[in-house]
Amino acid sequence: MANEKTMLLVFVLLLGGATMASAQPRPLPNLATERQHMVVEQLEQRSIYDPAVLGAMSRVPRHLFMPANVRPEAYADTALPIGYGQTISQPYIVALMSSLLGVNPGDRVLEIGTGSGYQAAVLAEMGTDVWTIEIIAPLGEQAERTLKDLGYGSIHVRIGDGYQGWPDKAPFDAIIVTAAPPLIPKPLLDQVKTGGRIVVPVGGTFQDLLVLTKRQDGGFDERTVLPVRFVPMTGEAQRGLH
């Protein structure tokens, strides 16, 4: 009888151990390896050649800028949800917009739409100082915590409506907008330096990614890069449209 009880106890323990093991969350893939694959397969093979951009995106841990439940997909060729109806952009789009800005180390960049903080981190890795504004307070606060934890001291986060830009820190060498306004906010046009660029998706349901370069006369040369799909820029950008 004692032997039978012992065998039964061992069987129960083994069964319990198997049940517990099966309940464990799916392990993360080798994210460092996936990040390098992302750079080669999604960026270099799509004609992103800027070494500063490629280097930045090979170093920034993209998975740490998103909720745990989507981290296994962090380096996939797609945008991913980060909460509050917002997304972290597809890696190719982040790289393309970063390259289009044409920034150099030491440049001052204004970002409208902090989101997860990932785009700001990429720009910081390129040697720039970044001022970034997020209208959704919990999202901006989480991004600020993540950036601080990762040691990005050159990134300054403000919670608020980005329509008016950040006038007391202007002018900026470049401005990047990561949500789509129906029209480009005039304060942003005023806050970029002569020779500086604004990279912005513009439109409603259908949007175009634009690059504007400020001329000496205060006007802008405008170039359409490609059609895109961003979340709309909310707040003051939407006033007067309804």
Side-chain angles (χ1 to χ4, degrees), residues 31 34-67 70-71 73-103 109-126 128 130 132-134 136 139 143 146-147 155 162 174-182 184 188 197-213 222-234 237:
L31 296 177
E34 291 207 355
R35 186 159 62 250
Q36 299 312 310
H37 287 168
M38 173 196 76
V39 170
V40 173
E41 296 168 8
Q42 299 178 37
L43 308 184
E44 292 180 349
Q45 292 185 14
R46 288 179 180 159
S47 302
I48 300 292
Y49 300 128
D50 187 332
V53 173
L54 296 175
M57 294 195 67
S58 72
R59 293 189 297 272
V60 178
R62 178 177 165 88
H63 59 283
L64 296 183
F65 290 87
M66 56 186 65
V70 295
R71 285 182 182 178
E73 310 303 322
Y75 299 100
D77 187 20
T78 186
L80 291 166
I82 56 173
Y84 306 96
Q86 306 300 298
T87 59
I88 182 172
S89 293
Q90 175 190 11
Y92 171 72
I93 293 296
V94 174
L96 177 64
M97 293 178 74
S98 300
S99 182
L100 290 171
L101 279 180
V103 294
V109 180
L110 173 64
E111 179 189 33
I112 307 302
T114 311
S116 68
Y118 177 67
Q119 175 72 79
V122 169
L123 293 171
E125 285 285 349
M126 294 170 65
T128 70
V130 183
T132 180
I133 306 173
E134 174 56 53
I136 301 173
L139 199 58
T146 301
L147 293 165
I155 300 175
I175 297 176
I176 183 170
V177 184
T178 60
I184 302 173
L188 303 186
R197 295 182 182 180
I198 301 176
V199 177
V200 52
V202 178
T205 303
F206 301 98
Q207 306 159 6
D208 287 316
L209 184 64
L210 306 181
V211 179
L212 290 82
T213 304
E222 181 178 311
R223 175 164 66 99
T224 299
V225 180
L226 78 171
V228 289
R229 186 70 179 271
F230 279 78
V231 297
M233 186 174 176
T234 58

Return the minimal non-hydrogen interatomic distance between [X] and [Y], and the atom names on each side.
X: Pro201; Y: Ala179; result: CG-O, 3.8 Å
X: Leu147; Y: Ala121; result: CD2-CB, 4.0 Å
X: Tyr118; Y: Ile88; result: CB-CD1, 3.7 Å
X: Leu100; Y: Val225; result: CD1-CG2, 3.9 Å
X: Val103; Y: Ala174; result: CG1-CB, 3.7 Å
X: Thr78; Y: Arg62; result: O-NH2, 3.6 Å

Between [X] (side chain only) and [Y] (backbone N and O only), is there a donor and an acceptor less than 3.5 Å apart?
X: Ser116; Y: Met66; result: no
X: Ser99; Y: Ala95; result: no
X: Glu125; Y: Gly55; result: no
X: Arg46; Y: Tyr92; result: no

To the nearest 0.5 Å, what is the distance between [atom1] ([X]) and [atom2] ([Y])?
X: Leu31; Y: Met38; atom1: CG; atom2: CE; answer: 11.0 Å
X: Tyr84; Y: Leu139; atom1: OH; atom2: CG; answer: 7.0 Å
X: Glu34; Y: Glu73; atom1: CD; atom2: CD; answer: 8.0 Å
X: Glu44; Y: Asp50; atom1: CD; atom2: CG; answer: 11.5 Å
X: Gln90; Y: Arg229; atom1: CD; atom2: CZ; answer: 14.0 Å

Min side-chain heavy-atom separation [X]-[Y] under 4.5 Å:
X: Ile175; Y: Val109; answer: no
X: Ile82; Y: Pro67; answer: yes
X: Ile112; Y: Met233; answer: yes
X: Arg197; Y: Thr213; answer: yes
X: Leu210; Y: Val199; answer: no
X: Leu212; Y: Ile184; answer: yes
X: Leu209; Y: Thr224; answer: no
X: Gln207; Y: Val202; answer: no

* To do: Report the C-alpha distance between Glu222 and Val211 in whole Å, list the side-chain angles of each, state the deciding distance to 0.1 Å, and finish with yes or no for side chain to side chain contact (heavy atoms under 4.5 Å, CB included).
  => CA-CA 6 Å; Glu222 181 178 311; Val211 179; over 6 Å; no
* Asked: For Leu101 and Leu123, what are the C-alpha separation, side-chain angles and deciding distance, and is it a side chain to side chain contact (heavy atoms under 4.5 Å, CB included)?
  -> CA-CA 10 Å; Leu101 279 180; Leu123 293 171; 3.7 Å; yes
Would you kindly say whether [X] and [Y] are connected by a side-chain donor-acceptor distance under 3.5 Å?
X: Gln119; Y: Ser89; result: no
X: Thr114; Y: Glu134; result: no
X: His63; Y: Tyr75; result: yes

* Chi angles and distances behind the side chain to side chain contact (heavy atoms under 4.5 Å, CB included) call for Tyr49, Leu43 -> CA-CA 8 Å; Tyr49 300 128; Leu43 308 184; over 6 Å; no
* Take Asp208 and Leu226 through the side chain to side chain contact (heavy atoms under 4.5 Å, CB included) test and state the conclusion after the steps. => CA-CA 6 Å; Asp208 287 316; Leu226 78 171; over 6 Å; no
